[in-house]
Amino acid sequence: MKKMSSRSTIIINAAFYLLSISLLGMVAYGLSHGLSFFTEYYWLFITLFFAWWMVLFLKLKKDNKRRKEMTKNFGHKIRERNSKQ
């Protein structure tokens, strides 16, 4: 049975995808309107990129923790099954 995702995982994933879409949208808009957009709003791009980078780090940390727990539980289940045989 699958466990429900924690609230922090949901918030981190939502923030990651929202920031990713925002960055892609900003880059697409900047490319269609020329480089003057980036020179005028470089601070916004830097802020969005920094926030995206921080959320990416948190997302990877949560995913690695979840993956370690799954691997540990899987190893435990294999040992239990082998001991029953």
Using salt bridge (charged side-chain N to carboxylate O under 4.0 Å, His left out), reason through R67 and D63 one step at a time and then give a plain yes or no.
CA-CA 6 Å; R67 192 174 297 116; D63 288 347; 5.2 Å; no
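One hydrophobic cluster holds both L60 and L19 under the rule that ILVMFWY side chains link at heavy-atom gaps under 4.5 Å. The hydrophobic clustering, which links ILVMFWY residues whose side-chain heavy atoms are closer than 4.5 Å, places Y29 and Y41 together. Both W43 and W53 are members of a single hydrophobic cluster when ILVMFWY side chains are connected at heavy-atom separations under 4.5 Å. Residues I10 and L18 are members of separate hydrophobic clusters, defined by side-chain heavy-atom contacts under 4.5 angstrom among Ile, Leu, Val, Met, Phe, Trp and Tyr. Hydrophobic clustering (side-chain heavy atoms under 4.5 Å, transitive across Ile, Leu, Val, Met, Phe, Trp, Tyr) keeps I11 apart from Y17.
For I12 against V55, the heavy-atom pair with the smallest separation is O-CG1, 3.6 Å. Across all their heavy atoms, T39 and S36 have their closest contact at OG1-O, 2.8 Å.
Looking at heavy atoms from C-beta onward, L58 lies out of side-chain contact with K62 at the 4.5 angstrom threshold. Within the 4.5 Å cutoff, the side chain of M54 has no heavy atoms near those of the F49 side chain. By the 4.5 Å heavy-atom criterion applied to side chains, L23 and F45 are counted as neighbours.
Atom CE in M26 sits 4.5 Å away from atom CZ in F37 (nearest 0.5 Å).
Between F16 and W52, the ring planes lie parallel to each other; the angle is under 30°, not in the 30° to 60° tilted range.
Side chains of S6 and T9: a donor-acceptor N/O pair is present below 3.5 angstrom, by distance only.
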